Engineer: 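Please find one structure pasted underneath; my questions will follow.
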Amino acid sequence: MQQIIADAVHAALESLRASWPALEPDRVAFTVQPSSRPEHGDLQTNAAMIAAAQLGARDKRAVAADLAAALTFAPGTIARVEVAGPGFLNFFVDDRYYQDLVARVVAADDDWGRLTLGTGQSVNVEFVSANPTGPLTVGHGRNAVLGDVVARLHEWAGYKVTREYYFNNAGRQMHLLGESVRARYRELLGAPLELPEGGYQGGYIADIAATLRAEQGDELAAADEAVFRGAAERAIFAQIEATCARLGISFDRFFNEQSLYDSGAIQAVLDQLRTHDLAYEADGATWLRGEPLGLDKDRVLVKSSGEPTYRLPDMAYHLDKLGRGYETVIDVFGADHIDTCQEVLAVVRALGGDTERVKVMLYQFVTLTRDGQQVKMSTRQATYETLDGLLDEVGADAVRYFFALRSPTSHMEFDLALALRQANDNPMYYVQYGHARINSILRREEAAALAAEPLDLALLTDEAERALIVAVSRLPEVLARALAEHEPHRLPTYAAEVATAFHQFYDRCPILSAETRALARARLELAQAARICLRNVLAMLGVSAPERM
RNA sequence: GCGCCUGUAGCUCAGUGGAUAGAGCAGCGGCCUUCUAAGCCGAAUGUCGCAGGUUCGAAUCCUGCCAGGCGCGCCA
């Protein structure tokens with residue numbers, strides 16, 4: 001409906017060009033929004049006020065009246081248009097449009113909400129991408145959920161989606177990991193504990209060492225760090241994948257940074273940077289020239305040890321992804337990557353990469369609290385909270401719903417003590433309960449009998465019935481906006497809106513025991529549409545839609 | 001010091017330059033002989049961090065300031 005009105009307004013503006021020469025219809029950036037109050041109709045637009053400003057017209061209401069007169073709608077869509085307030089146009093949608101929509105939703109079923117705007121296009125979503133140095137933390141949880149929900153939203157919009165995980169199993173941190181495990185292993189053999197400087201202290205290190213001891217006995221007493229590193233990597237990656245699986249997440253591709261060295265891609269980037277005079281040698285290292293790229297300072301690309309910093313592979317990786325032909329490449333990054341991400345994209349752009357296709361989804365950190373006290377998260381000290389632990393406490397549905405619930409830019413708080421009590425507090429239950437309530441009606445024998453009777457949706461005239469249909473009708477536009485803005489939280493917010501409309505309808509409009517059989521039949525169909533809508537929203541979020549609670 | 005993010009009801013947070021700023025939770029008052037009360041209805045709750053500016057109109061845009069988070073490494 002939003003689109004129908006927007007198209008009509010565009011057409012009306014075009015038709016008014018003759019009488020208003022100063023008007024540039026394409027530059028009238030108007031919005032069509034749901035009205036905030038019932039007396040303002042179903043939807044409203046500010047188009048006349050924007051146009052009036054462009055025309056320099058003093059009387060905005062007069063412009064609005066002219067625009068309203070120029071609007072044309074197909075029969076059975078808009079019942080009437082009113083000029084109101086400072087120059088709004090309020091649209092009152094024809095009841096028939098909404099009544100018919102119930103049938104459309106039921107017919108669409110699993111496909112209600114699906115869009116076609118991504119048909120024929122592919123998108124790559126890179127997320128989680130934690131190096132295998134330890135179990136996933138609560139912080140990774142937000143990344144995982146945001147990435148997977150964005151991937152799901154793209155699938156619902158018709159895109160072909162690749163879920164990708166980028167990791168590095170080489171370098172200093174992995175070396176430290178190997179040494180940490182070796183130290184624990186030797187401790188098990190009776191040697192004094194000699195953890196390396198800055199080594200990993202989490203309990204999982206000792207667990208890996210204990211497993212090695214159990215499997216191989218004392219044979220590794222003199223083994224090289226690399227042996228322990230390899231074992232640790234395998235164990236930790238298996239755990240990371242298992243944790244993701246618990247969240248309903250799997251990846252299509254694991255991209256190893258090492259492959260960029262093997263293929264020569266990293267050397268190629270370095271060569272090109274030198275060719276463009278964007279790299280120079282100093283102090284035994286290779287530096288990136290910041291100024292021509294709009295960066296505040298120069299950065300090291302290759303350390304004096306000859307080893308590249310993380311930047312170079314990151315640049316090669318983005319060029320690789322862009323070269324694979326995706327229409328859109330999405331990165332899900334925590335707030336700590338903001339600056340480096342700018343550097344990488346600046347270089348990619350300078351080397352001819354089309355960074356317009358790269359969308360960076362930045363999210364702020366999660367503050368963990370327990371019993372009112374803030375919990376600090378660090379992988380190297382053993383003070384983090386694992387995502388597995390959180391899943392044990394509240395379950396996958398709650399983890400997904402909670403992380404998807406807040407805007408990525410919010411510095412959200414996750415209180416573990418609250419999460420434990422969350423059976424009563426979590427807004428997810430409100431939505432799931434709505435779904436379960438509908439199913440309990442549809443399960444009844446009377447419902448099956450009723451469903452066979454003739455359907456007359458024109459009987460749906462109650463305020464609560466109409467409000468529920470309006471809510472259900474909005475799914476496609478909510479999805480479109482969540483996609484455009486990369487804001488998954490719009491879906492839980494919307495789900496609550498639909499659930500509220502349903503609960504109000506349920507309370508006010510008896511279904512099976514309606515005044516007449518015909519009305520009962522019509523309401524049953526509406527309940528069916530509401531069920532489909534809630535189930536599909538929950539599917540977009542990857543949260544279960546229980547039939548009983 | 002510089003960059004990015006945030007500041008909205010007691011708490012956690014929505015809010016596309018638009019009309020009287022919303023939800024959940026907590027608290028207060030009602031509603032179960034009737035399809036699931038994990039629900040509904042009602043009342044109450046606000047210096048939209050502060051101060052300027054732009055605009056017909058600002059929680060929203062601009063500037064400055066205050067507070068918190070993150071970053072500014074030859075770590076990733």
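Here the structure is a predicted model, which means the values were calculated and not measured. Note on naming: letters A, B, ... go to the chains in the order of the sequence lines (proteins, then strands), and numbering restarts at 1 for each one.
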Engineer: What's the CG-C1' distance between A:Asp507 and B:A38, to the nearest Å?
Structural biologist: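 That distance rounds to 15 Å.
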Engineer: As a test of reading the structure: which of B:U20, B:C35, B:C56 is closest to the side chain of A:Tyr506, going by heavy atoms?
Structural biologist: B:C35
Engineer: Which value, in whole Å, describes the distance between the C1' atoms of nucleotides B:C13 and B:C28?
Structural biologist: 23 Å
Engineer: Tell me the interatomic distance from A:Asp336, atom CG, to B:C5, atom P, rounded to whole angstroms.
Structural biologist: 15 Å
Engineer: Using a strict heavy-atom distance below 4.0 Å, which residues from residues 477-488 of chain A are in contact with RNA chain B?
Structural biologist: A:Arg481
Engineer: Please check the phosphate of B:G3 (OP1 and OP2 only) for any side-chain N or O of A:Lys297 closer than 4.0 Å.
Structural biologist: no
Engineer: What is the separation between atom NE2 on A:His503 and atom C1' on B:A23, rounded to the nearest whole Å?
Structural biologist: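 The answer, rounded to whole Å, is 14 Å.
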Engineer: Answer yes or no: side-chain N or O of A:Tyr429 and base N or O of B:A38 forming a donor-acceptor pair under 3.5 Å.
Structural biologist: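 When only heavy-atom distances are counted, A:Tyr429 does not reach the base of B:A38 through any donor-acceptor pair under 3.5 Å.
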Engineer: Side chain of A:Asn90, heavy atoms from C-beta onward: which of B:A76, B:A19, B:C74 has the nearest atom to it?
Structural biologist: B:A19
Engineer: Which part of the nucleic acid does A:Ala436 contact within heavy-atom distance under 4.0 Å: base, sugar-phosphate only, or nothing?
Structural biologist: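 Base contact.
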Engineer: Rounded to whole Å, how long is the line connecting atom CD of A:Glu497 with atom P of B:G22?
Structural biologist: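 Atom CD in A:Glu497 sits about 14 Å away from atom P in B:G22.
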Engineer: When you check the phosphate oxygens OP1 and OP2 of B:C4, does a side-chain N or O of A:Tyr363 lie under 4.0 Å from one of them?
Structural biologist: no
Engineer: Just checking, any donor-acceptor pair under 3.5 angstrom between side chains of A:Tyr200 and A:Gln173?
Structural biologist: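 Short answer, yes.
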Engineer: For the CD atom of A:Glu307 and the CZ atom of A:Arg172, what is their distance to the nearest 0.5 Å?
Structural biologist: 9.5 Å
Engineer: Under 6.0 Å between ring centres: does that hold for A:Phe254 and A:Phe237?
Structural biologist: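 Centroid distance A:Phe254-A:Phe237: below 6.0 Å, so yes.
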Engineer: Does A:Glu445 CD have over 12 foreign heavy atoms under 6.0 Å away?
Structural biologist: no
Engineer: Measure from the side-chain heavy atoms of A:Asp339 and tell me the nearest of B:C35, B:A76, B:G3.
Structural biologist: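 My answer, after comparing the listed nucleotides, is B:G3.
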Engineer: Using atom CG of A:Leu416 as one end and atom C1' of B:U12 as the other, report the distance to the nearest whole Å.
Structural biologist: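 Between C1' of B:U12 and CG of A:Leu416: 15 Å.
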Engineer: Which one of A:Lys321, A:Lys359, A:His337 satisfies the side-chain hydrogen bond (donor to acceptor under 3.5 Å, both in side chains) criterion with A:Asp331?
Structural biologist: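 For A:Asp331, the side-chain hydrogen bond (donor to acceptor under 3.5 Å, both in side chains) test succeeds with only one of A:Lys321, A:Lys359, A:His337, which is A:Lys321.
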Engineer: Distance check, P atoms only: B:A59 and B:G7, in whole angstrom units.
Structural biologist: 14 Å
Engineer: State yes or no: are the ring centers of A:Phe255 and A:Phe167 separated by less than 6.0 Å?
Structural biologist: no
Engineer: Does A:Arg490 make a side-chain N or O approach to OP1 or OP2 of B:U16 shorter than 4.0 Å?
Structural biologist: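 Checking B:U16 against A:Arg490, a side-chain N or O does come within under 4.0 Å of OP1 or OP2.
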Engineer: Using the C1' atom in both, what is the distance from B:G10 to B:A26, to the nearest Å?
Structural biologist: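 Straight-line distance between the two C1' atoms is 8 Å.
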Engineer: Round to a whole Å and report the spacing from CZ of A:Phe127 to P of B:A76.
Structural biologist: 24 Å
Engineer: For A:Glu547 and A:Gln364, find the nucleotide of RNA chain B closest to each by heavy atoms; which residue's nucleotide sits nearer the 5' end?
Structural biologist: A:Gln364
Engineer: Reading RNA chain B 5' to 3', what string of ( ), [ ], | and . shows its pairs, if Watson-Crick and G-U wobble pairs count only when both distances fall under 3.5 Å?
Structural biologist: (((((((..((((....[...))))..((((.......))))......(((((..]....))))))))))))....
Engineer: For B:G49 and B:C5, measure between their C1' atoms and round to the nearest Å.
Structural biologist: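 Nearest-Å result for B:G49 against B:C5 at atom C1': 15 Å.
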Engineer: Answer with yes or no after comparing the ring centroid distance for A:His435 and A:Phe502 against a 6.0 Å cut-off, counting only values under it.
Structural biologist: no
Engineer: Expressed as a whole number of Å, how far does the C1' atom of B:A21 sit from that of B:C48?
Structural biologist: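 Their C1' atoms lie roughly 8 Å apart.
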Engineer: Does the separation of the ring centres of A:Phe127 and A:Tyr165 fall below 6.0 angstrom?
Structural biologist: no
Engineer: Roughly how far apart, to the nearest Å, are B:U63 and B:U55 at atom C1'?
Structural biologist: 16 Å
Engineer: Taking 4.0 Å as the cut-off, does a side-chain nitrogen or oxygen of A:Gln504 come that near to OP1 or OP2 on B:C41?
Structural biologist: yes
Engineer: Using the six-membered ring of A:Tyr363, assess whether NZ or CZ of A:Arg142 lies under 6.0 Å from its centre and within 45 degrees of the ring axis.
Structural biologist: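 Negative - A:Arg142 is either too far from the ring of A:Tyr363 or too far off its axis.
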Engineer: Looking only at atom P, what distance separates B:A14 and B:C61, rounded to whole Å?
Structural biologist: 15 Å
Engineer: Is there side-chain contact between A:Leu260 and A:Tyr317, with heavy atoms separated by less than 4.5 Å?
Structural biologist: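 Sidechains of A:Tyr317 and A:Leu260: in contact.
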Engineer: Would you tell me if any nitrogen or oxygen in the side chain of A:Ser440 comes within less than 4.0 Å of OP1 or OP2 on B:U36?
Structural biologist: yes
Engineer: Calculate the interatomic distance between A:Met549 atom CE and B:A37 atom P; express it in whole Å.
Structural biologist: 13 Å
Engineer: Let's test your reading of the model: under 3.5 Å, does the base of B:C74 pair with the side chain of A:Ser304 as donor and acceptor?
Structural biologist: yes
Engineer: Is B:C32 syn or is it anti, if syn means the base angle is within 90 degrees of 0?
Structural biologist: syn
Engineer: Would you tell me if any nitrogen or oxygen in the side chain of A:Gln33 comes within less than 4.0 Å of OP1 or OP2 on B:G18?
Structural biologist: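 Yes, A:Gln33 has a side-chain N/O under 4.0 Å of OP1/OP2 on B:G18.
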Engineer: Looking at every strand, decide which applies to A:Ser407 at a 4.0 Å heavy-atom threshold: base, sugar-phosphate, or nothing.
Structural biologist: sugar-phosphate
Engineer: To the nearest 0.5 Å, how far apart are OG1 in A:Thr133 and CD1 in A:Ile236?
Structural biologist: 6.5 Å
Engineer: Could you state the atom-to-atom distance from CZ of A:Arg406 to P of B:U6 in whole Å?
Structural biologist: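 In whole Å, B:U6 P lies 16 Å from A:Arg406 CZ.
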Engineer: Does B:A14 have A:His489 stacked on its base, where the ring centres are within less than 5.5 Å and the planes differ by under 30°?
Structural biologist: no
Engineer: I want to verify a distance call: between B:A19, B:U16, B:A76, whose nearest atom is closest to the A:Thr309 side chain?
Structural biologist: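 Taking heavy atoms from C-beta onward, the closest nucleotide is B:A76.
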Engineer: Identify, between A:Cys509 and A:Asn46, the residue whose nearest nucleotide on RNA chain B lies closer to the 5' end.
Structural biologist: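 Result of the comparison: A:Asn46.
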Engineer: When you measure from the side-chain N and O atoms of A:Arg437 to the phosphate of B:A37, is any distance below 4.0 Å, counting only OP1 and OP2?
Structural biologist: yes
Engineer: Could you say whether the aromatic ring of A:Tyr433 and the base of B:G39 stack, counting only centre distances under 5.5 Å and plane angles under 30°?
Structural biologist: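 The ring of A:Tyr433 is not stacked on B:G39.
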Engineer: Is A:Ser410 close enough to B:A14 that one of its side-chain N or O atoms is under 4.0 Å from OP1 or OP2 there?
Structural biologist: yes
Engineer: At 4.0 Å (heavy atoms only), tell me whether A:Gln2 reaches a base, stays on the sugar-phosphate, or touches nothing.
Structural biologist: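 It contacts base atoms.
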Engineer: Tell me whether the NZ or CZ atom of A:Arg437 lies within the 45° cone about the ring axis of A:Tyr506 and under 6.0 Å from its centre.
Structural biologist: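 So A:Arg437 does make the cation-pi contact.
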Engineer: Got a donor-acceptor pair under 3.5 Å from the side chain of A:Arg548 to the base of B:U36?
Structural biologist: no
Engineer: Side chain of A:Glu413 only, heavy atoms from C-beta on: which candidate in B:C13, B:C35, B:C75 is closest?
Structural biologist: B:C13
Engineer: For nucleotides B:C25 and B:A37, find the distance between their P atoms and express it as a whole number of Å.
Structural biologist: 16 Å
Engineer: Tell me whether the count of non-hydrogen atoms from other residues, nucleotides or ligands lying under 6.0 Å of CD in A:Glu463 goes above 12.
Structural biologist: no
